[in-house]
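These notes are about the structure you will find just below.
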Amino acid sequence: MKTVSKVGVAHYSALPIRSGIAIQIKNDAIALFKVTSGEVFALEDRSPHPKGGVLSEGLVSGKFVYCPVYDWKISLEDGQVQAPDQGQVKTYEVSVENDKVYITI
Amino acid sequence: MAKEKLVMIGNGMAGVRAIEEIIKIDPNRYDITIFGKEPHPNYNRIQLSTVLQGDTTVEDIILNDWKWYEDNRIKLFTGEAIVEVDTKNKIVVSNNARQVSYDKLIFATGSSPFIVPVEGVDKQGITGFRDINDCETMIKYAEDHQNAVVIGGGLLGLEAAKGLKNLGMKVSVVHLMSHLMERQLDATAAEMLKQELQQQGINFLMEKQTVEILGDDHVTGLRFKDGSETEADLIVMAVGIVPNKELASNASIPVNRGIVVNDYMETEIEGIYAIGECAEHRGIAYGLVAPLYEQAKVLAKRMVGVETEPYEGSISGTQLKVAGIDLYSAGEIEGDGATKAIRVHNEFENVYKKVLIRDNKVVGSVLYGETAESTRLFRMLTQQEDVSQMTSLSILQPAGEAEESDVASMPDDELVCGCNGVTKGTIVEAIHAQNLTTVSEVGGCTNAGRSCGRCKPMISQILEHTLGDSFDGAAQKEAVCGCTTLSRDEVVAEIKEKGLTNIREVMNVLGWKNEEGCSKCRPALNYYLGMIYADYKDERESRLVNEKMHANIQKDGTYSVIPRMYGGVTSAEDLKKLADVATKYNVPLVKLTGGQRIGLYGIKKEDLTSIWEELDMPSGYAYGKTLRTVKTCVGQRFCRYGTQDSMGLGMELEKKFERLDTPHKFKMGVSACPRNCAESGIKDIGIVGIDGGWEIYVAGNGGTDLRAGDLLYTVKTKEEVIEVSSAFLQYYRETGNYLERTSKWVERLGLDHIKKVLEDKVACQGLIERLNKTLERYNEPWKEAIENDEIKDKYYSRYQADLVTN
Ligand SMILES: Cc1cc2nc3c(=O)[nH]c(=O)nc-3n(C[C@H](O)[C@H](O)[C@H](O)COP(=O)(O)OP(=O)(O)OC[C@H]3O[C@@H](n4cnc5c(N)ncnc54)[C@H](O)[C@@H]3O)c2cc1C
């Protein structure tokens, strides 16, 4: 059975805006992004490009991140790769309580 | 063997296109002669509307200039009409009594405005709207006359009306039917259009039939069937066109409404063809260029003996070329019992869309106010796509997509340029195959955008999208990126003029489409701002990964570390440090780079700062759009050939210019003698020592566009080398497009131009001062990362989180 856990990963106020951070939770490499509007998103830190790469270093614009190596544009909200490229990145649920950011894995 | 003689009557859009197509396939096949009644080379008739509306000039709409005819050895007689065709002796005769014999003859005589046969049509002050002469007549009338009446509320009439209005006349449109453009619009769309045009100041007289034109010699007004009258100083007839077929029928070539042709544009007489508006194919004489251009292709192939599909008729969409009006129509307009309509009518925003569907297929569409879907609907229409699986909303808008119609999601077979029948696929292919970077280049290669011009914005999006993959290509396109329509020069000018100081401000003030830009414009704007303001505060979040991290990301997410070795000169001490670090961190690869230094590859992000600290060497900026290295040879100090101290100069240059932001990476080299061991001939600036001086080469490139450098100057002293290099670098910084290498930049600006700037003492001094001022702003980035915890935390740590369940 798969258990769902909520992991505290960072302080909300300490998160840099428009610059992803890389988080390791056991075997999961996660990229966490705080965007200009203040929302926080968590994605698997792996480019969906067949050659891989991380996402946490990508350029953030609005609710999108550009894959740093292959320049694919990826939605932070649903992990969808934007046309003309195709693919999907796993997303994680994020919640913020009392300045603490939690990721559900 | 003498070539066959091809004569064409008519020097207009369809005919000349057919000639272009022939020449494309076989330039030497025919000895070509063209007769044109008008005194001009072939021009874009469609754009007469824009000429009249004041948006372009006659010169701008020439499609094939005189030189084109010369270059292709075409004999052209302009201002000369053919008045007789002798099919028996195969001779044409012009109004100047010139006789030319032919083996093959093409009729491309177009059509003429239909002049309503009412009493008084022989008076002065009546014109059609067909050619440059008509346009000039209208423009002249507008100078000293008040009232214009356009008879006919179709495409042509409305475009004429708008033009006359822009010329300052009072304009009324007389229309026989109850709604405008009844062949293209339904009543709802027509009403919206009418209201819009009324707001633009045009008056409408609907359901009026003209029965008489009033006046003595010159028109003064019109009388209608219902007895009412209206004043007029100028009357434009725009009720329709009639194919110019008399010449053919006089020569006993079968005609009907037009000159009758088969599916290969052949008339019934061998060796005689007809194309364009004068031709009638399967009962239809077309009046838009798209079908005519299809005909041109078939005709050309036929005439050079290449196998071709037959021409089987066309469906084409129409739009109105009036500023502020967005309208599109194709296929059926009014439904019948078997059609179902999807209708969207947003009265608030003045948008109306109707799509007619029969048997699960789109059979027609009318769009008003917003036409982004037109190409997609047109594809559904022509390809008879089954839409039964689609929701009505998705028919109007592709699934999962926002409002904007995205060229990215557009299928390759979708028509972009309706006039010339050019698909997205063809454009993309041409961009790749021929390295096209501008809309006009695409037009030159594919004809797309060369007619009505409506698709130009879309072509520019496709260019952008296609070139987006290749960084270098992206530098040369017109707009900075898809977030704006402004070009690099426009953006830079606006920044200076409005005093914009940061990226956010630029995007806000200049109306960026995406609030935070994209991976193209963010780094570019960051560069431009830094170029304009010597004390600009760099926005690290707008740098792409390598520059943001001051390390080169590798495909597995690890980084490389390449410290400076000024001039390629190192020491035992530095080598030891490198070796120690490589051992300690288990560095998977240690390699000499192309730039004469040592790189450590495969480093984890979280090890970067400690490695930098242990190395205690400055960043080599091997990742940046900046000076990479100054390659040197051993030179005078050791080499028996060396005439100059190349290492010394190389190190000095590297120390002076390191860290400076440039439009693209920048490489230098210094050789001590013309044997040129430092390969100065393929560097952005390459210096070669000679007896008593230095040669300075620029714009060399050893990469993708292999290019030998051009000799800029030969100077005597090291100081002069530094001065010239400084000025050259700064001029490149100030005028280069972001991501444009010097090789491209020099070709774009011209070496002579650059020399002229550098030779202007005041300008040159200014460049050097601005460069030196800019150089003051840089800090050593590795040191900064080591010493500043905030930076270290933000960019160089990997967070570990414990798996604790709440
Ligand atoms: C104002 C205006 C706006 C238009 N807008 C659009 C549009 O938006 N989209 C679209 O698809 N189409 C548009 N059209 C229609 C388009 O311009 C025509 O379909 C196209 O020009 C037809 O090409 P053609 O070669 O058949 O005729 P033309 O271009 O008319 O060329 C025929 C030429 O033959 C010459 N000629 C005739 N008889 C003789 C003779 N005996 N000897 C020598 N020369 C002769 C004529 O003087 C003329 O120059 C527009 C037309 C006009 C006038």
Side-chain angles (χ1 to χ4, degrees), chain A residues 3-10 14-30 32 35-37 45-47 49 51-73 78 80 82-85 95 97 100-105, chain B residues 398 400-402 406-410 412 428 465-466 468-469 471 474 483 504 507 512 514-523 526 539-549 551 553-559 604-606 790-791 793-806:
Chain A
T3 49
V4 173
S5 13
K6 208 164 147 186
V7 188
V9 292
L15 281 180
I17 292 175
R18 287 203 299 183
S19 182
I21 60 167
I23 298 173
Q24 192 73 39
I25 309 177
K26 281 226 161 145
N27 292 329
D28 289 15
I30 294 173
L32 194 69
V35 304
T36 308
S37 68
D45 196 6
R46 220 188 104 73
S47 170
H49 189 280
K51 291 188 180 164
V54 295
L55 290 181
S56 47
E57 312 296 0
L59 184 135
V60 178
S61 164
K63 293 178 182 174
F64 294 94
V65 62
Y66 289 85
C67 158
V69 188
Y70 304 101
D71 204 34
W72 283 13
K73 185 179 179 183
D78 58 11
Q80 195 75 44
Q82 307 297 297
D85 307 307
S95 54
E97 290 159 32
K100 191 109 198 196
V101 182
Y102 296 92
I103 294 178
T104 309
I105 63 166
Chain B
E401 231 180 282
D406 197 353
V407 296
S409 62
M410 186 188 268
D412 275 353
V428 171
H465 180 72
T466 314
D469 298 344
F471 262 170
C483 304
R504 169 164 282 258
M507 293 184 177
W512 239 241
N514 300 321
E515 211 181 326
E516 295 192 332
C518 68
S519 55
K520 308 254 142 27
C521 59
R522 285 256 294 277
N526 195 45
E539 195 185 296
R540 198 155 175 173
E541 262 61 76
S542 291
R543 296 227 175 216
L544 295 181
V545 58
N546 292 348
E547 297 191 351
K548 182 171 92 170
M549 300 295 288
I553 196 166
Q554 311 295 314
K555 64 179 191 181
D556 61 356
T558 64
Y559 290 86
K604 290 205 212 74
K605 153 165 140 170
E606 53 273 29
E790 204 181 303
I791 293 181
D793 250 25
K794 193 165 162 185
Y795 299 107
Y796 301 105
S797 18
R798 182 174 295 277
Y799 288 62
Q800 294 288 338
D802 305 320
L803 195 67
V804 283
T805 318
N806 288 54

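Proteins get letters first, then strands, A, B, ... in listed order; numbering begins at 1 in each.
- With sequence neighbours excluded, the residues satisfying side-chain hydrogen bond (donor to acceptor under 3.5 Å, both in side chains) with B:Tyr559 are A:Glu57.
- Salt-bridge check for A:Arg18 with B:Glu539: passed, with a basic side-chain N closer than 4.0 Å to an acidic carboxylate O.
- Residue A:Ile103 does not touch chain B at all, counting heavy-atom pairs closer than 4.5 Å.
- Within a 6.0 Å sphere centred on CD of A:Glu97, other residues, nucleotides and ligands contribute more than 12 heavy atoms.
- Residues A:Asp71 and B:Lys520 meet the side-chain proximity criterion, which asks for heavy atoms closer than 4.5 Å.
- Neither the backbone nor the side chain of B:Arg540 comes within less than 4.5 Å of any heavy atom of chain A.
- At a threshold of 4.5 Å between non-hydrogen side-chain atoms, the residues B:Asp793 and A:Ile21 do not count as touching.
- For B:Arg522 (side chain) and A:Val60 (main-chain N/O), a donor-acceptor pair under 3.5 Å exists by modelled atom type.
- When the shell of 6.0 Å around NZ of B:Lys604 is examined, it contains 12 or fewer heavy atoms from other residues, nucleotides or ligands.
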Report task. Test side chain to side chain contact (heavy atoms under 4.5 Å, CB included) on A:Thr36 and B:Arg504 and set out the steps. Result -> CA-CA 11 Å; A:Thr36 308; B:Arg504 169 164 282 258; 3.4 Å; yes
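- In terms of heavy atoms, B:Gly517 sits closest to A:Tyr66 at O-OH, 4.2 Å.
- For B:Lys605 against A:Ala22, the heavy-atom pair with the smallest separation is NZ-CB, 4.1 Å.
- Using a 4.5 Å cut-off between heavy atoms, A:Phe64 does not touch chain B at all.
- Judged by distance alone, with hydrogens and angles left aside, the side-chain atoms of A:Ser61 form a donor-acceptor pair with the main-chain N or O of B:Glu516 at under 3.5 Å.
- Without hydrogens or angle criteria, B:Glu541 side chain to A:Ser19 main chain gives no donor-acceptor distance under 3.5 Å.
- Remark: A:Ala29 pairs with A:Gln24, A:Asp45 by the side chain to side chain contact (heavy atoms under 4.5 Å, CB included) rule, at least two apart or across chains.
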